[in-house]
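Positions are given from 1, in the same order as the sequence printed here. Quantities reported herein were computed from a predicted structural model and do not represent experimental measurements.
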Amino acid sequence: MLSGGVVWLRLDPRKAWRWPYGADRVPAPELQWDRDWMWFETWARYAWNANRELKSEREFWIRRLALRYGSAKAARYMLDSQEAGADVLPGIQRLVWLHYDNHCVVSAGILLEQLEQAKGIPFLVLPRLVRIPQYLDALRKGETIKGETPVDFLAARVRDAEKAVSLARLANSVAINRKSEAGRVLTDTEAVLLVAKFYHHKMQAAAAKATGDKGRFKALLAISLDDYRNLTNLTRTTYESLSDVPAWYPVRFKPDICPYHWTDILPYLEREQAQLW
């Protein structure tokens, strides 16, 4: 870290404004360092020393997870699930770039017009990936697309999320200890998968709109809205809130609703579909 000029780290907790409690719907408030223990331990371990040997690190985390869940098999499945899904939400953020701070929550979703104008992360080169505005402009002009399209990129994120869910289900099925925690990890991965599907289908809808295929556009927009409804139904029973800072995307509530939930955003997406149809 020092070779790159970094001498300190600011690490905000997962729910910064309601520390120390999390956002799960549970009978009693749960402490964040218990609920998200692996997130905190990972930051502590790699912020201190990121230059570690891959094989020994895998063995370390399998031992750590086996102690947690009482099964080496569950530990391997859990670790593989975490690794499979690790870049799904960060990948979507790189492609779309919903602002840059804690007002921006990728899983909150996006409106079609916002997606069409999303330029992607400004300070990173995205090798071979065509930025969304350039991609849609090429489709409108009937030009050949050179490079990885946003649709293909999001399809890959969906596949990663599907793999993460499959592995989390296996981990949950063989965990001996902390079954409720393993179940929450599973629903985390299921929520991420629905977010990825929402963006993928909405990006496909934007592409269909750009080519003038109204029937396909309407069908894909409806599917993306169903993805969000499924996400809302899942989170209605698993999380009591989405974020505890005011929303900037896809809408800014007036007056502010804070904390807010996916159920607060769904009506805006339903209204969008009605207006675009």
Side-chain angles (χ1 to χ4, degrees), residues 11-16 18-50 52-91 106-107 156-197 227 230-242 244 261-262:
L11 181 62
D12 288 326
R14 304 297 295 275
K15 299 288 288 184
R18 277 188 289 163
W19 177 264
Y21 302 116
D24 286 303
R25 288 194 186 277
V26 290
E30 189 168 18
L31 297 171
Q32 289 186 42
W33 55 82
D34 289 332
R35 202 297 189 191
D36 297 315
W37 65 271
M38 192 173 182
W39 187 81
F40 287 101
E41 288 191 19
T42 301
W43 268 109
R45 186 171 179 83
Y46 298 113
W48 179 258
N49 178 12
R52 298 174 184 266
E53 198 272 325
L54 183 61
K55 182 180 178 182
S56 61
E57 285 306 289
R58 178 173 175 80
E59 292 171 351
F60 168 82
W61 285 111
I62 288 174
R63 290 194 303 271
R64 183 70 183 87
L65 287 161
L67 285 172
R68 190 83 177 178
Y69 298 111
S71 163
K73 184 179 289 187
R76 286 191 291 270
Y77 286 141
M78 189 68 74
L79 181 60
D80 289 341
S81 173
Q82 296 290 309
E83 291 183 343
D87 194 47
V88 175
L89 296 183
V106 173
S107 68
R157 303 291 78 73
V158 170
R159 290 193 295 271
D160 291 342
E162 288 173 336
K163 183 177 180 182
V165 169
S166 177
L167 289 163
R169 284 176 180 157
L170 290 171
N172 187 55
S173 69
V174 296
I176 297 171
N177 302 331
R178 299 180 182 270
K179 292 286 289 187
S180 61
E181 179 179 297
R184 287 197 297 272
V185 173
L186 172 58
T187 55
D188 287 348
T189 62
E190 290 172 338
V192 170
L193 173 58
L194 289 169
V195 172
K197 285 183 173 181
D227 294 329
N230 291 334
L231 175 63
T232 300
N233 289 334
L234 173 65
T235 56
R236 198 189 307 271
T237 59
T238 53
Y239 308 119
E240 56 86 18
S241 65
L242 191 164
D244 56 0
H261 192 271
W262 290 267

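Note: Leu193 CG to Asp160 CG = 10.5 Å, rounded to the nearest 0.5 Å. With values rounded to the nearest 0.5 angstrom, Thr232 atom OG1 is found 10.5 Å from Asp227 atom CG. With rounding to the nearest 0.5 Å, the separation of CZ in Arg58 from CG in Asp80 is 4.5 Å. In this structure, the separation between CG on Leu242 and CH2 on Trp262 is 4.0 Å, given to the nearest 0.5 Å. Atom OH of Tyr69 and atom CZ of Arg64 lie 9.5 Å apart (nearest 0.5 Å). Here Tyr77 contributes atom OH and Leu65 contributes atom CG; the two are 14.5 Å apart, rounded to the nearest 0.5 Å.
Partner of Trp33 under the ring pair (Phe, Tyr, Trp, His ring centres under 6.0 Å) criterion, out of Trp39, Tyr21, Trp43, Trp19: Trp19 alone. Checking Glu57, Arg52, Glu53 one by one against Lys55, the side chain to side chain contact (heavy atoms under 4.5 Å, CB included) holds for a single residue, Glu53.
Under a 3.5 Å cut-off, the side chain of Ser166 and the backbone N or O of Glu162 do not form any donor-acceptor pair. Of the possible polar contacts, none joining the Ser81 side chain to the Leu167 backbone as a donor-acceptor pair under 3.5 Å is found. A donor-acceptor distance shorter than 3.5 angstrom exists from the side chain of His261 to the backbone of Tyr239, with no hydrogens or angles considered. With hydrogens and angles ignored, the 3.5 Å screen pairs a side-chain donor or acceptor of Asn172 with a backbone N or O of Gly183.
Salt-bridge formation is not detected for the pair Lys163/Glu83: no Lys NZ or Arg NE/NH1/NH2 atom is positioned less than 4.0 Å from an Asp or Glu carboxylate oxygen. A salt bridge does not link Arg178 to Asp34: none of the charged side-chain nitrogens sits closer than 4.0 Å to a carboxylate oxygen. Residues Arg169 and Glu190 are paired through a salt bridge, judged by an N-O separation under 4.0 Å between the basic side chain and the carboxylate. A salt bridge does not link Arg184 with Asp36: none of the charged nitrogens is closer than 4.0 Å to a carboxylate oxygen.
Contact record, Thr238 with Leu234: OG1-O, 2.9 Å, taken as the closest heavy-atom pair. Of all the heavy atoms in Ala161 and Val88, the pair that sits closest is N-CG2, 3.9 Å. Heavy-atom minimum distance, Val195 versus Val106: CG1-O, 4.4 Å. When every heavy atom of Ala182 is checked against every heavy atom of Ala175, the shortest pair comes out as CB-CB, 4.2 Å. When all heavy atoms are compared, the tightest approach of Ser71 to Ala74 is OG-N, 3.0 Å.
Under the salt bridge (Lys or Arg N to Asp or Glu O under 4.0 Å) criterion, the residue pairs touching residues 65-79 are Arg68-Glu181, with sequence neighbours excluded.
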- [ ] Give the intermediate values and the outcome of side chain to side chain contact (heavy atoms under 4.5 Å, CB included) for residues Ile62 and Glu59.
- [x] CA-CA 5 Å; Ile62 288 174; Glu59 292 171 351; 5.8 Å; no
Task: Evaluation steps, side chain to side chain contact (heavy atoms under 4.5 Å, CB included), between Gln32 and Phe40 - done: CA-CA 9 Å; Gln32 289 186 42; Phe40 287 101; 4.2 Å; yes
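Inter-residue side-chain proximity for Trp61 and Gln82 is flagged as unmet; no heavy-atom pair is nearer than 4.5 Å.
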